[in-house]
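For reference, the structure discussed in these notes is given below.
Fair warning: this is a prediction, and the values are worked out from it, not measured in the lab. Residue numbers begin at 1 in each chain, while the letters A, B, ... track the order of the sequences.
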Number of protein chains: 2
Amino acid sequence: MSTSPPTDQASDAGRSSNSAAFSPLYQQIKGLLLQSLDRGEWKPGEAIPSELELAGRFQVSQGTVRKAIDELAAENLLIRRQGKGTFVATHHEAKVRFRFLRLTPDDAKQSLSGSQVLECRRVKAPADIAALLDLRTADMVVNIRRLLSFDQIPTILDDIWLPGSVFRGLTADSLGRYRGPLYALFESEFGVSMVRAEEKIRAVPATHDQAELLQVAAGSPVLQVERVSYTYGDRPMEVRRGVYVTERFHYKNSLN
Amino acid sequence: MSTSPPTDQASDAGRSSNSAAFSPLYQQIKGLLLQSLDRGEWKPGEAIPSELELAGRFQVSQGTVRKAIDELAAENLLIRRQGKGTFVATHHEAKVRFRFLRLTPDDAKQSLSGSQVLECRRVKAPADIAALLDLRTADMVVNIRRLLSFDQIPTILDDIWLPGSVFRGLTADSLGRYRGPLYALFESEFGVSMVRAEEKIRAVPATHDQAELLQVAAGSPVLQVERVSYTYGDRPMEVRRGVYVTERFHYKNSLN
DNA sequence: CAGTGGTCTAGACCACGTG
DNA sequence: ACGTGGTCTAGACCACTGC
């Protein structure tokens with residue numbers, strides 16, 4: 001490989017004084033890396049080429065590649081491991097199992113004791129979901145409802161919406177057999193990596209249905225969390241409406 | 001300045017192969033910068049010395065200072081402005097006025113229309129507050145209760161606790177006269193810069209008192225937000241228990 | 001025009017993981 | 001012993017700000 005000619009050479013934009021739309025080299029490299037990630041050239045959990053190899057491929061210095069990777073690592077798309085290499089982030093792995101779950105037990109360690117799939121059906125996208133997922137209302141979506149319990153106590157009721165064209169073959173059956181985080185399943189089975197999410201949180205009274213499933217009184221306050229998750233390129237790929245019981249748990253957040 | 005002898009020279013630790021407790025030079029520089037910030041050598045809003053000047057002072061290269069500053073900027077303690085310099089972050093400034101406030105109007109722009117101080121008294125620290133602020137229960141704390149309204153609609157009821165030894169002379173009167181974010185007041189009047197905060201969020205029923213002040217039905221669901229704010233050195237300096245009405249507002253959060 | 005932060009390079013050496 | 005990422009340096013040049 002060491003003598004192979006460059007194939008993906010970065011453009012020269014940014015090397016001269018074009019003041020309009022100036023983009024630093026490392027940002028362009030970052031863009032190329034993002035494309036490779038999106039394209040699936042390197043799969044979640046795999047190592048990407050070493051910094052020197054990438055520097056050779058793009059015909060830039062190692063330092064420039066490094067800065068591009070630094071930013072991707074800061075965004076949790078890549079994970080650096082000294083002495084080993086740089087790896088594509090994945091939702092498989094105990095450490096990041098709750099990467100997007102901010103609900104935390106008030107005391108001690110409570111652990112996920114079960115995920116019960118209540119429903120999994122394919123329907124035409126409701127207007128609000130279609131808008132959030134950049135779909136038309138004619139498009140099909142997969143709707144999943146499930147109940148998560150911690151130490152046998154039902155705590156989270158999720159209502160999940162996924163674009164049907166991407167998540168073909170996702171059924172109640174395949175979900176029922178699966179153990180582990182949904183986002184890991186999305187990676188392995190559908191090639192969809194969730195990279196970022198936005199949440200809107202409110203306090204609302206539990207509906208009768210929700211109350212029954214969560215074993216609380218109807219109308220009692222619950223946390224309503226609407227999440228939109230994005231893959232590479234900020235493409236929305238999931239809407240998740242969660243209802244959390246916050247009697248023994250709280251939503252934890254850090255402000256910087 | 002260019003020929004002045006170094007005064008704060010960084011230690012040589014990290015330059016040789018001391019595998020135990022290895023700390024990179026730039027981390028040491030970062031520590032020194034943090035000390036200067038904590039000590040108040042550079043005040044919020046002011047520029048710190050240029051990278052070259054700091055490099056000279058610490059007897060390291062510009063690149064090493066740069067990496068230290070990069071981290072402090074990533075943590076929002078410093079703000080880089082190309083062509084102008086690097087500045088100490090401040091809560092004065094319209095742009096960061098809501099730096100720690102995640103409550104967002106559902107639609108359109110609603111604006112803060114009023115802050116009403118309900119109470120401001122000095123009391124012995126309740127046990128839970130003392131624990132959160134690293135105080136003893138014999139120590140005095142300042143307790144502030146206030147009501148924030150947006151477009152004339154009461155929305156946030158805050159119960160704020162501050163260490164009395166630091167916030168001397170903070171009275172209902174001085175608070176009443178003040179216009180602007182509390183954190184800006186803390187900077188100007190008491191030299192306390194809030195740098196980071198942790199929040200725990202729950203859905204709870206509004207108490208009668210809360211309901212009356214917030215003009216909602218007693219028992220209706222509200223967001224309860226417990227915040228602990230920290231200055232430099234991760235010293236807790238404020239406990240804030242907020243109750244938010246989330247009918248026209250939501251708590252917004254980004255997950256990475 | 002001078003000063004500041006921002007980019008890019010090239011090279012030396014260190015720490016870590018794996019054979 | 002080797003390859004990976006991590007640190008540190010020195011120097012050149014660019015972009016932005018303000019005098």
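If you measure from atom CD of B:Gln62 to atom C1' of C:dT9, you get 14 Å, rounded to the nearest angstrom. Remark: P of C:dT7 and CD of A:Gln27 are 8 Å apart, rounded to the nearest angstrom. Put simply, CG on A:Leu25 is 12 Å from C1' on D:dC14, counting in whole angstrom units. One interatomic measurement links the two molecules: CG of B:Leu54 to P of C:dT4, which rounds to 11 Å at whole-angstrom precision. Distance A:Ile29 CD1 to C:dC8 P: 9 Å, rounded to the nearest Å. In this structure, the CD atom of A:Glu51 is 15 Å from the P atom of C:dC8, given to the nearest Å. One interatomic measurement links the two molecules: CD of A:Gln28 to P of C:dC8, which rounds to 8 Å at whole-angstrom precision.
Shortest non-hydrogen contact noted between A:Val192 and A:Val166 is CG2-CG1, 3.5 Å.
In this structure, B:Leu54 and B:Val60 have side chains that are not in contact, with every pair of non-hydrogen atoms separated by 4.5 Å or more.
In this structure, of C:dG5, D:dC8, C:dT9, it is D:dC8 that holds the atom nearest to the side chain of B:Ser61. Closest to the side chain of B:Thr86, from the set D:dC8, C:dC8, C:dG5, is C:dG5. In the set D:dT4, D:dT7, C:dG5, D:dT7 carries the atom at the smallest distance from any side-chain atom of B:Tyr26. Listed nucleotides: D:dA15, C:dT9, C:dG5. Nearest to the side chain of A:Phe22: D:dA15.
With ring centers used as reference points, A:Phe249 lies under 6.0 Å from A:Phe150.
A side chain to side chain contact (heavy atoms under 4.5 Å, CB included) with A:Phe58 is found for one member of A:Ile29, A:Thr64, A:Leu25 and no other, namely A:Ile29.
Applying the ring-ring contact (aromatic ring centres under 6.0 Å, His included) rule to pairs touching residues 93-112 of chain B yields B:His91-B:Phe100, B:Phe100-B:Tyr183, sequence neighbours excluded.
B:Asn253 and A:Asn253 are linked by a side-chain donor-acceptor pair at a separation below 3.5 angstrom, with hydrogens and angles left out of the test. Between A:Glu199 and A:Tyr251, the side chains place a donor N or O and an acceptor N or O closer than 3.5 Å (distance only, hydrogens not considered).
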inquiry  = Pair B:Arg146, B:Asp158 - check salt bridge (charged side-chain N to carboxylate O under 4.0 Å, His left out), show working.
reply    = CA-CA 5 Å; B:Arg146 67 165 185 183; B:Asp158 272 330; 3.2 Å; yes
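Within a heavy-atom distance below 4.0 Å of DNA chain D, the residues of residues 77-84 of chain A found are A:Arg80, A:Arg81, A:Gln82, A:Gly83. For the segment residues 65-73 of chain A, residues with any heavy atom less than 4.0 angstrom from an atom of DNA chain D are, sorted by number, A:Arg66.
Not one side-chain nitrogen or oxygen of B:Thr64 sits closer than 4.0 Å to the OP1 or OP2 atom of D:dT7.
For the pair B:Arg168 and B:Phe190, the NZ or CZ position fails the cation-pi test of under 6.0 Å to the six-membered ring centre and within 45 degrees of the ring normal.
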